[in-house]
There are 2 protein chains.
Amino acid sequence: MFTESTAGVARWWPADGTSTVDIADRSHLLHEGDDAVALYEIIDGAAMIYRTSIDGRRTILGLRTQGALVGLSSGRRYVCSAVAIEPTRARRISYAALERAIDNDPRLARRLLNVCTEELSRSRERLLILGNRTALGRVAALLLELAQSTGGAKRPILLPLTRLEMGESLGLTLETVSRSMSRLRTAGIIDLPRSGVVIIRDRARLEAIADGSGDGTSGSRLCA
Amino acid sequence: MFTESTAGVARWWPADGTSTVDIADRSHLLHEGDDAVALYEIIDGAAMIYRTSIDGRRTILGLRTQGALVGLSSGRRYVCSAVAIEPTRARRISYAALERAIDNDPRLARRLLNVCTEELSRSRERLLILGNRTALGRVAALLLELAQSTGGAKRPILLPLTRLEMGESLGLTLETVSRSMSRLRTAGIIDLPRSGVVIIRDRARLEAIADGSGDGTSGSRLCA
DNA sequence: CGGTGCATTGACAGACCTCAAGACGAGTGG
DNA sequence: CCACTCGTCTTGAGGTCTGTCAATGCACCG
């Protein structure tokens with residue numbers, strides 16, 4: 001359904017309601033609770049979406065990179081906050097202009113629906129991870145996700161998240177994240193050459209751990 | 001955004017591609033991996049959406065009741081399975097007819113977008129629960145959700161889920177679910193008159209537990 | 001040089017999972 | 001009607017994993 005490519009979404013945006021904005025690292029695109037006045041498409045960079053509980057705990061709902069839409073909301077207000085985790089450029093599309101454009105061009109609606117269902121898939125993927133993975137599996141899955149967005153196959157990952165943020169993203173404490181990373185390093189699966197950098201040495205085993213196939217630290221069957 | 005009421009979505013469906021289907025308890029609406037040919041709107045009853053991992057473990061991603069759309073997918077195939085958890089009637093809308101209808105009526109697109117973002121909200125809500133709630137809090141949250149869909153304020157909840165399914169829904173084992181229910185009963189917060197029935201005796205404390213405000217089993221501040 | 005923020009590591013406690021036994025209810029066949 | 005089976009639920013004991021608290025190390029910066 002709604003299977004059209006989203007690569008060209010940009011050229012479908014209404015001309016009158018869009019502008020380009022630059023967001024510094026750790027600056028907000030939008031705040032939970034604010035009036036939902038605009039949607040953002042990430043052109044370059046990355047952001048994380050999060051919500052804060054009454055008790056002050058933050059839960060990071062996901063990371064978004066180039067091409068993703070941030071600010072989708074079902075009500076009049078944003079339900080999540082979004083903050084850049086690296087210097088980011090985004091296209092800002094006003095809701096008012098967008099709704100007008102939808103009425104004029106049904107193809108835009110289909111593309112938006114497509115993006116929205118993809119967003120759903122990502123949320124569900126994360127639910128699977130939180131629902132039945134151990135700490136090690138969750139960390140492995142996050143590293144693979146980060147490796148994908150950082151791009152390179154064997155290139156080092158420049159971690160855009162602190163251990164605390166990784167923990168908030170995975171439902172773990174920063175200590176557990178740190179210990180999991182250390183276990184992966186000891187097992188020879190990753191390298192931690194210096195703070196903020198990760199190198200994946202054995203992607204197959206990392207994937208096996210992320211998929212829940214044992215803890216992968218002792219003779220993986222996938223690498224036999 | 002897309003804030004129009006969805007109460008009247010039904011009358012917007014394309015006439016040519018829709019039909020009504022009745023699904024027995026524990027029968028499937030659709031299977032993960034099948035060609036995505038139709039969307040279902042639940043008219044009456046309830047269904048659960050789930051995915052199965054390679055290792056055979058099932059993760060229940062959520063429950064859907066009257067008005068919800070089941071079968072939203074970003075690709076050519078369904079990414080989740082959906083099974084009725086009580087006798088259910090649903091409206092089946094073929095994707096082909098739906099896409100045509102979208103092109104003819106932009107209001108439909110906006111309503112669909114609205115439903116889709118609501119779906120997103122539900123997934124995110126569940127992420128929050130799995131990310132930072134204890135077993136007791138998760139069970140409390142699920143009971144409140146079930147109470148809502150069962151309807152009545154103080155009416156008994158006729159559990160549509162087994163302990164195993166509740167566990168698969170919350171990322172817990174069935175034993176932990178059972179123990180949590182027993183703790184809630186011992187604390188006087190719920191009654192378990194017979195198998196498959198739950199009565200909420202102290203909603204305020206149950207909500208406090210679900211929101212993570214202590215374990216609520218010893219003198220809740222909300223009830224002082 | 002001290003201060004600050006982040007990461008690592010240890011010790012311990014608590015939460016949850018696993019394995020196991022038994023209870024209960026519904027359905028079936030004698 | 002009763003015995004039997006089957007699936008589900010409950011409860012216990014013990015082990016593992018993760019959270020909490022705490023100390024230390026490291027890089028960066030004033």
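Below, read A as the first sequence line, B as the second, and so on, with proteins coming before strands; counting in each chain starts at 1. What you see below is based on every heavy atom in this structure, not just the backbone, and it leaves out hydrogens, waters and symmetry mates.
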Round to the nearest Å and state the distance from [X] atom [atom1] to [N] atom [atom2].
X: A/L170; N: D/dT18; atom1: CG; atom2: C1'; value: 13 Å
X: A/D25; N: C/dG5; atom1: CG; atom2: P; value: 17 Å
X: B/E165; N: D/dG7; atom1: CD; atom2: P; value: 15 Å

Is there any ring pair (Phe, Tyr, Trp, His ring centres under 6.0 Å) pair reaching into [range], and which pairs are they, with sequence neighbours excluded?
range: residues 175-203 of chain A; value: none
range: residues 66-92 of chain A; value: none
range: residues 45-67 of chain B; value: B/H28-B/Y50

With B/T176 via side-chain hydrogen bond (donor to acceptor under 3.5 Å, both in side chains) - residues at least two apart =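 Once residues adjacent in sequence are excluded, the partners of B/T176 under the side-chain hydrogen bond (donor to acceptor under 3.5 Å, both in side chains) criterion are B/T173.
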Looking at residues at least two apart in the chain, or sitting in another chain, which of them share a side-chain hydrogen bond (donor to acceptor under 3.5 Å, both in side chains) with A/R194?
->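 side-chain hydrogen bond (donor to acceptor under 3.5 Å, both in side chains) check on A/R194 returns nothing, list empty.
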Stem ranges for DNA chain D, with three or more consecutive Watson-Crick or G-U pairs under 3.5 Å?
->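 Listed by first number, the stems are C:1-30 with D:1-30.
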Got a list of side-chain donor-acceptor pairs under 3.5 Å for residues 185-192 of chain B, not counting sequence neighbours?
from	atom 1	to	atom 2	distance (Å)
B/T186	OG1	B/S182	O	2.8
B/D191	OD2	B/R201	NH1	3.0

Where protein sits on nucleotides 6-18 of chain C, one letter per nucleotide: B base, S sugar-phosphate only, - none, heavy atoms under 4.0 Å | -SBBBB----SSB
May I ask you to say whether A/R122 pairs ionically with A/E119, meaning some side-chain N is under 4.0 Å from a carboxylate O?
->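 Result for this pair is yes, salt bridge flagged.
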Distance-only criterion, 3.5 Å: show the donor-acceptor pairs between side-chain atoms of residues 158-168 of chain A and protein atoms not counting sequence neighbours.
from	atom 1	to	atom 2	distance (Å)
A/T162	OG1	A/L164	N	3.4
A/T162	OG1	A/E165	N	3.1
A/E165	OE1	A/R26	NH1	2.9
A/E165	OE1	A/T162	N	3.0
A/E165	OE2	A/R26	NH1	2.5
A/E168	OE1	A/R58	NE	2.8
A/E168	OE1	A/R58	NH2	2.7
A/E168	OE2	A/R58	NE	3.4

